[in-house]
> 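Before anything else, here's the structure in question.
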2 protein chains.
Amino acid sequence: MELRHLRYFVAVAEEGHVTRAAERLGIQQPPLSQQIRAMEDELDVQLFRRKPRGVELTDAGRALLADARRILGDVDQALSRTRRTGRGEEGRIAVGFTSSAPFHPFVPRVLRNFREDFPQVAMTLDEGGTADLVAAIRSEQIDAAFIRSPVPEGENIATYDILEEPMCVALPKSHRLARGAKTKPVALGDLAGDSFILYRRASGPGLYDGIVGACHDSGFNPRIEQEAPRIVATLNLVASGLGVTLVPESLQAMRLEGIRYLPLATRRKLVAPLRLACRSVDHSAAARRFVAAARKAARTGG
Amino acid sequence: MELRHLRYFVAVAEEGHVTRAAERLGIQQPPLSQQIRAMEDELDVQLFRRKPRGVELTDAGRALLADARRILGDVDQALSRTRRTGRGEEGRIAVGFTSSAPFHPFVPRVLRNFREDFPQVAMTLDEGGTADLVAAIRSEQIDAAFIRSPVPEGENIATYDILEEPMCVALPKSHRLARGAKTKPVALGDLAGDSFILYRRASGPGLYDGIVGACHDSGFNPRIEQEAPRIVATLNLVASGLGVTLVPESLQAMRLEGIRYLPLATRRKLVAPLRLACRSVDHSAAARRFVAAARKAARTGG
DNA sequence: TATATTTCATATGTTTTAGATATGTCATGG
DNA sequence: CCATGACATATCTAAAACATATGAAATATA
């Protein structure tokens, strides 16, 4: 039994007339009669009563007609669903991001736009350190991730630069450079004597190395008092007065009691990149679409 | 797209291996590869990723797999349902009967047995006069009917004798032959002077003509006071004292206040037949089965 | 490193089968 | 009673499924 048989059967049943059904199907009458007969032989059931003026469904035929219609509809639906999944218009993607990424308006915006453009694609979100995220991408637990560190150059992972943003200084409210309503840019050298609290290097070496490198450029070796597992924790430690840190300026959206953000005055620009990582092969169409959407938004400044 | 494609696709997806799937399907590997490729071309979607060690579903393939499995299952189910409908093991029949038929235990018994033997056949029941029932059979509103009259010899209607039962006399309790606890058989001639109440001839001439003929045989012409539309109504009229009537003895099951049933003593046996009518062609398998079951029960005295 | 093995893809031939053409049969309607 | 309409049958053609033989790429093995 093939779908062709069901299609032919439905046509004959609907027309009540083999010859007309054959016309509708774009074939001749004899092969249509044959195929119907073949169905009857296979099922060992008479599907039509041959009348002098056409054909008429038997009870068994009537029983089959309803099922055949439904099945043909299901097939159409399944094929179109498959096509759309293949085109990335339907399906499921999992997106990861480091803790600092969603503070930049770019990230929520691109997620929102993607969801609007492809409502049939279910999105799940995951937060984690860069290392975890890259591992998750590799093991196909997630499809893409917004990260801030370079990826250990690699096997099967592609990264795309999305944007760069300036870093700024986060000081405890009580800090000598933050007291009052001071908003004057802080030169990195002014922090030479301060304790630094940094986002743990193992989780994401990018920011860590950038900050330490910039300090060296300014002629001092930062005293790293503490490493925190997430950037939010870093800021909490700063707020409680344990030290200072540098964060991407979008983190200013995180307004913590007891913390002041000040712009950074440096010769060499100290910037935090935002990157998108994904598998370089074996990605679903939905994932491809997401990456493409994010890159396009990045290019157009969206 | 044909079911073959879906079958092949499911096999490859389940094996993760074209060659093994081909073995399972009983064909060679190259045609299987071709058919899978044909699907991908038609859908314009990659269903499998070719790995050096086999093949692996893409997201689109995964989406299709679930649907394909379901569809193949639905097809199997539909075909088996059709087969069973064709064999009369599933479906729907409508059975009619004259008002007097269900009083004979044969009728409810055969209905009950059929329902037990073929629980998947839905039964609907209809009551009506013989003429109506025969018309309903002809117009395919019902499939078969228990009747007591001969059918106007006919086009497309077959009848089968099921059983015969003696007639008995139904008298008002106040009737001279019924007073006290008399149970003596009544000779038909004894009723020569009585008013007769008969089941309307137009609805079913069988009993009517039989009764009138028997009276003639007994040497008198019955005085027909009243005709009633249903046999139950006839008995109600008898109960209220308007006259006497003759009914199949199974009607004694209908115990009405004010009525007495007495056996009939006649030279020639006066009997009421029970017949089963159905279309001689164009009946569903379920209807055929029902008629066969009823005839068999009749033969075996069931 | 070279070779054997595994596995899917490609090329080409064969067989099956769907479909086309021509004709037959049967019932109906003028 | 013949013409018409409809499905069935017979035979042929063409398409497509399948088989066989071989190639290509990657991996495992010597």
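Chain naming here is simple, since letters A, B, ... match the order of the sequence lines and numbering starts at 1 in each. This structure is a prediction, so every number in the text was calculated from the model and none was measured.
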> Yes or no on side chain to side chain donor-acceptor pair (under 3.5 Å) for A:R148 and A:S100, after CA distance, side-chain angles and deciding distance?
CA-CA 8 Å; A:R148 305 206 92 121; A:S100 70; 3.1 Å; yes
> Carefully, step by step, assess A:H17 and A:V12 under the rule side chain to side chain contact (heavy atoms under 4.5 Å, CB included).
CA-CA 6 Å; A:H17 200 280; A:V12 173; over 6 Å; no
> What's the CD-C1' distance between A:Q29 and C:dA22, to the nearest Å?
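Rounded to whole Å, this separation is 12 Å.
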> Taking atom CZ of A:R92 as the centre, report whether more than 12 heavy atoms of other residues, nucleotides or ligands fall under 6.0 Å from it.
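Check fails, neighbour count at 12 or below.
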> For DNA chain C, find the residues of residues 12-23 of chain A with a heavy-atom distance under 4.0 Å and give them by number; none if there aren't any.
none
> Contact list please: residues 32-62 of chain A against DNA chain C, heavy atoms, distance less than 4.0 Å, in numerical order.
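Under 4.0 Å from DNA chain C: A:Q34, A:Q35, A:P52.
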> Locate the shortest heavy-atom distance separating A:V134 from A:V151; write the atom from each residue and the value.
CG2-CG2, 3.9 Å
> If you count the non-hydrogen atoms of other residues, nucleotides and ligands that lie under 6.0 Å from CZ in A:R70, is the total more than 12?
yes
> Roughly how many Å is it from CD in A:E2 to P in C:dT17, rounded to a whole number?
11 Å
> Would you give the length of the straight line joining atom OG1 of B:T124 to atom CD of B:Q141, rounded to the nearest 0.5 angstrom?
10.5 Å
> Ring-plane angle category for B:F9 and B:F48, please: parallel below 30°, perpendicular beyond 60°, tilted otherwise.
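B:F9 vs B:F48 ring planes: tilted.
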> Along DNA chain D, 5' to 3', what are the outermost nucleotides having an atom less than 4.0 Å from a heavy atom of chain B?
D:dA17 to D:dT27
> What residues form a side chain to side chain donor-acceptor pair (under 3.5 Å) with A:D76, not counting sequence neighbours?
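Counting only residues at least two positions away or on another chain, A:D76 forms no side chain to side chain donor-acceptor pair (under 3.5 Å).
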> Apply side chain to side chain donor-acceptor pair (under 3.5 Å) to A:E40 and list each qualifying residue two or more places apart in sequence or on a separate chain.
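Result, side chain to side chain donor-acceptor pair (under 3.5 Å) vs A:E40: A:R50.
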> Would you mind telling me which residue lines up with the more 5' stretch of DNA chain C, B:P30 or A:P30, judged by nearest nucleotide?
B:P30
> Do any side-chain atoms of residues 18-35 of chain A form donor-acceptor pairs under 3.5 angstrom with protein atoms, and if so which ones, sequence neighbours left out?
unit_1, atom_1, unit_2, atom_2, d
A:R24, NH1, A:E14, OE1, 3.3
A:R24, NH1, A:E15, OE2, 3.0
A:R24, NH2, A:E14, OE1, 2.7
A:Q29, NE2, A:S33, OG, 3.0
A:Q35, OE1, A:R4, NH1, 2.8
A:Q35, OE1, A:H5, NE2, 2.9

